[in-house]
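Each chain gets a letter, A, B and so on, in the order its sequence line appears, and its residues count up from 1.
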2 protein chains.
Amino acid sequence: MNIGLLLFIPSRAVENRILTAVVEAGFEITQAQARVLMRVGPDGTRLTELAEAAQVTKQTAGFLVDQLEKAGYVERVPDPSDGRARLVRVTDKAQEAVPVANAEMARIEAEWEQHIGKRRMAQLREALDMLGEITDPYR
Amino acid sequence: MNIGLLLFIPSRAVENRILTAVVEAGFEITQAQARVLMRVGPDGTRLTELAEAAQVTKQTAGFLVDQLEKAGYVERVPDPSDGRARLVRVTDKAQEAVPVANAEMARIEAEWEQHIGKRRMAQLREALDMLGEITDPYR
DNA sequence: TTGTTCTAGTCAGATTCTCTGATTAAAGTA
DNA sequence: TACTTTAATCAGAGAATCTGACTAGAACAA
């Protein structure tokens, strides 16, 4: 079985489970919105950077940030260092979803570790982290 | 960094590269179509199965198969064992894309192995394969 | 200083992907 | 036969994504 599909399946599983957990906790958010939201840094991130990180066009990122803003999960503030730019920042409301997502992530990792063992889990993480160096356009 | 994102990044990279290679070889196909096409078995697969495998609704799978059929990459034939069902089958035209995809996949694997080493690559594959057992809804 | 070029973001419009709900036809079952 | 389930499709809508064109501010070179 090809390694692309092999990577895709658990990746999709994580996405689905975390999104489900967050939505069930009362946060109305979609997968696409979450993918952008996840990339907003602690001091705010420019739209262009978000677009690159999420691997979508600026237009798409803008569209998703619009929705996140309407829903109150992010806010746009002027970038003091550049009059053209604005920083997208996570609001307190969105911060409240973080522990929910983290808890589900921890549950998933525990299940996986249970299934494949601590050693393999560590190896997996190491290999993926290194692959990120050559496959993450944001890194 | 969370393992979902860690999985997502190289998975997306593989998808993008293979799709690009196939499209550049003259096959007009989209990512969503490819995800369905990839799951069609050698003797044909029912729409419902494809939908499950690709984790989309039957309607979505049907929509994508319609497009693949129009483009000549698959055909629908009656299922001899069930009058309600039809089997989606890959055509010769689509078969021609297989070596292109395989070649690109081999290139990617070679690059990755170069970067993380043979041992880690084998460990990665083993861990992912096992994770598939608990995360692949189709398996 | 003044053009020219580049960059950040938005607007407009279209396409693609995906879903929910209802429907048809064939199987399976009591 | 009548009821239930299953495979697939139809209809309609919403979400996500793209390409191309535009505006305003920044950077830079002459």
- Query: Which of these nucleotides, D/dT19, D/dA7, C/dT18, is closest to any side-chain atom of B/Arg46?
  - Reply: D/dA7

- Note on the structure: note: B/Phe63, atom CZ; D/dG14, atom P; distance rounded to Å ~ 17 Å

- Quick one: is D/dT9 close enough that its OP1 or OP2 comes under 4.0 Å of any side-chain N or O from B/Arg76? yes

- Query: Okay, side chain of B/Tyr73, backbone of B/Ala34: is any donor-acceptor separation there less than 3.5 Å?
  - Reply: no

- For DNA chain D, determine which residues of residues 77-89 of chain B have any heavy atom closer than 4.0 angstrom to one of its atoms, and list them numerically. B/Arg84, B/Ala85, B/Arg86

- Would you say the side-chain atoms of B/Thr45 pair up with the backbone N or O of B/Leu50, donor to acceptor, closer than 3.5 Å? no

- Message: With a 4.5 Å cut-off on side-chain heavy atoms, are B/Val14 and A/Phe8 touching?
- Response: no

- Item | Main-chain N/O of B/Leu7 paired with A/Ser11 side-chain donor or acceptor, under 3.5 Å | no

- Message: Please report the distance, rounded to the nearest Å, between CD in B/Gln67 and C1' in C/dT15.
- Response: 10 Å

- Item | Any B/Thr57 side-chain nitrogen or oxygen under 4.0 Å from OP1 or OP2 of C/dC19 | yes

- Item | Spacing of B/Leu64 atom CG relative to D/dT9 atom C1', expressed in whole Å | 15 Å

- Query: How many Å lie between NZ on B/Lys58 and P on C/dC19, as a whole number?
  - Reply: 13 Å

- Could you check if a side-chain atom of B/Arg35 sits within less than 4.5 angstrom of a side-chain atom of B/Gln55, using non-hydrogen atoms only? no

- Message: Side chain of A/Thr60, heavy atoms from C-beta onward: which of D/dT17, D/dA8, C/dC17 has the nearest atom to it?
- Response: D/dT17

- Task: Report the residues that fulfil side chain to side chain contact (heavy atoms under 4.5 Å, CB included) with B/Glu104, sequence neighbours left out, ordered by chain and then residue number.
- Result: B/Arg17, B/Ile18, B/Ala21, B/Arg107, B/Ile108

- Query: Separation of B/Leu50 atom CG from C/dC17 atom C1', in whole Å?
  - Reply: 16 Å

- Query: In whole angstrom, what separates A/Leu19's CG from D/dA15's P?
  - Reply: 14 Å

- Task: Using salt bridge (Lys or Arg N to Asp or Glu O under 4.0 Å) as the criterion, point out the one residue from A/Arg89, A/Arg46, A/Arg84 that pairs with A/Asp79.
- Result: A/Arg46

- Atom CD of B/Gln55 and atom P of C/dT18 are separated, to the nearest Å, by 11 Å

- Between A/Gln33 and A/Gln59, whichever has its closest DNA chain D nucleotide further toward 5' is A/Gln33

- Query: Once you round it to whole Å, what is the distance between P of C/dT7 and CG of A/Leu47?
  - Reply: 16 Å

- Give one of base, sugar-phosphate or nothing for B/Thr48, where a contact means two heavy atoms less than 4.0 Å apart. sugar-phosphate

